[in-house]
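What follows is one structure encoded as structure tokens, with my remarks underneath.
Predicted model, so just to flag it, every value in this text is computed and none were measured.
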Amino acid sequence: MTITDDLQKLLDILPQDLRQVLEDHPKRDSLVEVVLDLGRRPEARFPNQAEYLSEQPVTQEQIDDCIQRVGTFGGDNRAGIEQTLHRISAIRNRTGKIIGLTCRVGRAVFGTIGMIRDLVETGKSILMLGRPGVGKTTALREIARVLADELNKRVVIIDTSNEIAGDGDVAHPAIGRARRMQVAHPELQHQVMIEAVENHMPEVIVIDEIGTELEALAARTIAERGVQLVGTAHGNQIENLIKNPTLSDLVGGIQAVTLGDDEARRRGSQKTVLERKAPPTFEIAVEMLERQRWVVHESVADTVDTLLRGRQPSPQTRTVDEHGKVSITRQLSVVNGRGSGHQAAGEESFSGSRQANGWRSSGQMVALPPPSVERERVTGRSEFDRLLDESFNYAETIDFSASKHPGPNGEELPLHVYPYGVSRHQLEQVISVLSLPVVLTKDIDSADAILALRSHVKNHAKLRQMAKARHVPIHMIKSSTIPQITRGLRRLLNIDDPEIADDRELQLFLHSGSDDEMDALEEARLAVEQIVIPKGQPVELLPRSPQVRKMQHELVEHYRLKSHSFGEEPNRRLRIYPA
């Protein structure tokens, strides 16, 4: 990076004794600001510390002497030094007299946007967020120069406090070929923003410190006219903007929506929820946590929707080392309360917030060779991970026996199971395909366990009494589907069989194994593994017949995800939702 700061011009406005101390200071090049308050010792602030420049308190004569050397203070109590980027801010008493100065060092840092240059080149609007002093204005200045000089775009900077392009009528060379419009009064910034679009035909508008509702509305107007916006706003993170009624329009605005009974039940939420009102003004948001570490939300719309649904987004974290090399990591969202991270190939590496086990710890299934010659045409088919069941960790069991052995009452295998409300045909199919040591019985007295639908057990007190009297445990499943039956039988046997071949798992879903069924299942699998799980986004599949859709539903259920059929025949199709 190349840094230009014209530091000497700022030091020249300070009192002689303070100027001399700073000129000889070993950390002079990292000076952030000098603070002069009446009756207090003068203070120099550096990135990680502050120190006094003198033991003598600042006098009114010293403050007045500094004021004479700088430009006029505007309505925002800021002044500058011509042809520099320095900013002098005033503190006034109740009568309007200046009794304190903050002399901020302005630096043009060339190369500071290497971390997000690819985003700048997309032409999408970018919002920069961060605490004061983290470098938002410096980044804006460099973005304006890159867009104007290197990408040859017509760039107009709305420079309210002359901080981006410096004080005076001639703009600082750090902004390159970009043009600068000054603002007479800070409260008129929104008018100048509209004027820039109407009068000067820009392709890009750069704005610093969007802080009022009028400025937020002006920004939306500009974005809807097809002009790229690059701006900063008050707030540390996107969550701050969502909670800020004045600026929430920058991220699409928030409104309360009343859901129907079915939709509320599907979401598992209350009937009145918060949702995004409109497309965001800024499509990309960058949270500047530190000067060398930025968090990038590539889709503000997705991030806001995720936050409003009570989940954590999956933004990129970009860092740059001392050699200028940018590394990108991604924080995967928490799924069902468990962190999930995946080390990706290439330059992106993914790290979860918590260590997780099982198939969710990888974020995607592991591709294995086709299991048999008959399936060679499905090259690259991903198999079910053998750790699939280890990740479920939930049991819906009413167990009246303390035994945790394969036979709940200590009996030898095979296990005799009495099905209640569960499809006998599907039970036999699962037992046969997976070669489970289970025998179905029609007599509850000879049963070692009962496998029942939860809805049936709740309404059948007599069954519970009989099971308790005979010391037979009841294992419940939510529905009579192959994934639920498979997991129920495994829990009955207290096995987590990692040796079951994935080929046999797939046979449970394929049944006859027709071409249409194979294609439909492969489509559902790819959608789950490549989009729904890693990106947390819903996916719509192609229209299929009712029988094939049923198989897709069961496959999605095996991933512990939800799916829903919608549309009219023959275009009825599946939509798969993230966990």
Is the side chain of R318 donor-acceptor paired with the backbone N or O of M115 at a distance under 3.5 Å, no angle test?
yes
Nearest heavy-atom contact between A219 and L250 is CB-CD2, 4.3 Å
Please round to the nearest 0.5 Å and tell me the distance separating atom CD1 of I13 and atom CD of Q8.
11.5 Å
Would you please test V183 and M181 for side chain to side chain contact (heavy atoms under 4.5 Å, CB included) and show each step?
CA-CA 7 Å; V183 181; M181 290 183 68; over 6 Å; no
Is a salt bridge present between R220 and E224, judged by a nitrogen-to-oxygen distance below 4.0 Å?
yes
Could you check whether atom NE2 of H185 has more than 12 heavy atoms from other residues, nucleotides or ligands sitting under 6.0 Å from it?
no
Do N93 side-chain atoms and G96 backbone N/O form a donor-acceptor pair below 3.5 Å?
yes
About how many Å separate CG of D302 and CG of L307, when rounded to the nearest 0.5 Å?
11.0 Å
When every non-hydrogen atom of V156 is compared with those of P202, the smallest separation belongs to CG2-CB, 3.7 Å
Among all residues two or more places apart in sequence or in another chain, which pass the side chain to side chain donor-acceptor pair (under 3.5 Å) test with T137?
D208
Checking side chain to side chain contact (heavy atoms under 4.5 Å, CB included) for the pair N162/Q182: CA distance, chi angles, key distance, verdict?
CA-CA 7 Å; N162 285 356; Q182 299 187 42; 3.2 Å; yes
Compare all side-chain heavy atoms of L119 with those of Q316 and state whether any distance is below 4.5 angstrom.
no
Tell me, do L247 and N240 make a side-chain contact under 4.5 Å, heavy atoms counted?
no
Basic-acidic side-chain contact under 4.0 Å: E23, R28:
no
Quick check for you: to the nearest 0.5 Å, what is the distance between R276 atom CZ and D305 atom CG?
4.0 Å
Answer yes or no: is there a side-chain heavy-atom contact under 4.5 Å between V146 and E121?
no
Less than 4.5 Å apart, any side-chain heavy atom of L127 and any of L241?
yes
Shortest non-hydrogen contact between V206 and A144, atoms and distance
CG2-CB, 4.1 Å
Please answer whether the main-chain N or O of K325 pairs with a side-chain N or O of H323 as donor and acceptor at a distance below 3.5 Å.
no
Are any side-chain N or O atoms of N236 and backbone N or O atoms of R131, one a donor and one an acceptor, separated by less than 3.5 Å?
yes
How many angstroms lie between atom CD of E283 and atom CD1 of I126, to the nearest 0.5 angstrom?
9.5 Å
Between H86 and L10, which heavy-atom pair has the shortest distance, and what is it?
CD2-CB, 3.6 Å
When you look at Q60 and K97, which way does the side chain to side chain contact (heavy atoms under 4.5 Å, CB included) test go after all the steps?
CA-CA 10 Å; Q60 187 64 54; K97 185 178 181 180; 3.6 Å; yes
Greater than 12 external heavy atoms within 6.0 Å of K153's NZ:
yes
Step through the shown structure and confirm whether more than 12 heavy atoms of other residues, nucleotides or ligands are within 6.0 Å of CG on D169.
no
Other residues, nucleotides and ligands only: do more than 12 of their heavy atoms fall within 6.0 Å of CD on Q49?
yes
Is the side chain of N77 donor-acceptor paired with the backbone N or O of S89 at a distance under 3.5 Å, no angle test?
no
Please check if the side chain of E203 supplies one atom and the backbone of R154 the other of a donor-acceptor pair under 3.5 Å.
yes
Rounding to 0.5 Å, atoms CG (L11) and CG (L18) come to a distance of 10.0 Å
Between Q68 and D64, do the side chains contain an N or O donor and an N or O acceptor separated by less than 3.5 Å?
no
Quick check: closest heavy atoms across P57 and Q62, and the distance to 0.1 Å?
O-OE1, 4.0 Å
With sequence neighbours left out, which residue pairs that include part of residues 179-195 fulfil the salt bridge (charged side-chain N to carboxylate O under 4.0 Å, His left out) condition?
D159-R180
Salt bridge or not between E529 and R525? Use side-chain N to carboxylate O under 4.0 Å.
yes
R45, H25, K27 screened by side chain to side chain donor-acceptor pair (under 3.5 Å) with E51, the one that passes
H25
Does a side chain donor of either E322 or Q292 reach within less than 3.5 Å of an acceptor in the other side chain?
no
State the CZ-CD distance between F46 and E33, to the nearest 0.5 angstrom.
11.0 Å
Is there a side-chain contact between V204 and I143 in this structure, where contact means two heavy atoms from C-beta onward sitting under 4.5 Å apart?
no
Flag the pair I533 / L561 as yes when at least one side-chain heavy-atom distance between them is below 4.5 Å, and no otherwise.
yes
Side chain proximity check, L289 to W294, heavy atoms < 4.5 angstrom:
no
Check the pair L31 / R107 against side chain to side chain contact (heavy atoms under 4.5 Å, CB included), numbers first and verdict last.
CA-CA 10 Å; L31 179 66; R107 292 183 172 91; 4.3 Å; yes
Is any side-chain heavy atom of L14 closer than 4.5 Å to a side-chain heavy atom of L36?
yes
Which atom of Q270 lies closest to which atom of L259, heavy atoms considered
O-CD1, 3.9 Å
Evaluate whether atom CZ of R40 has more than 12 neighbouring non-hydrogen atoms of other residues, nucleotides or ligands under 6.0 angstrom away.
no
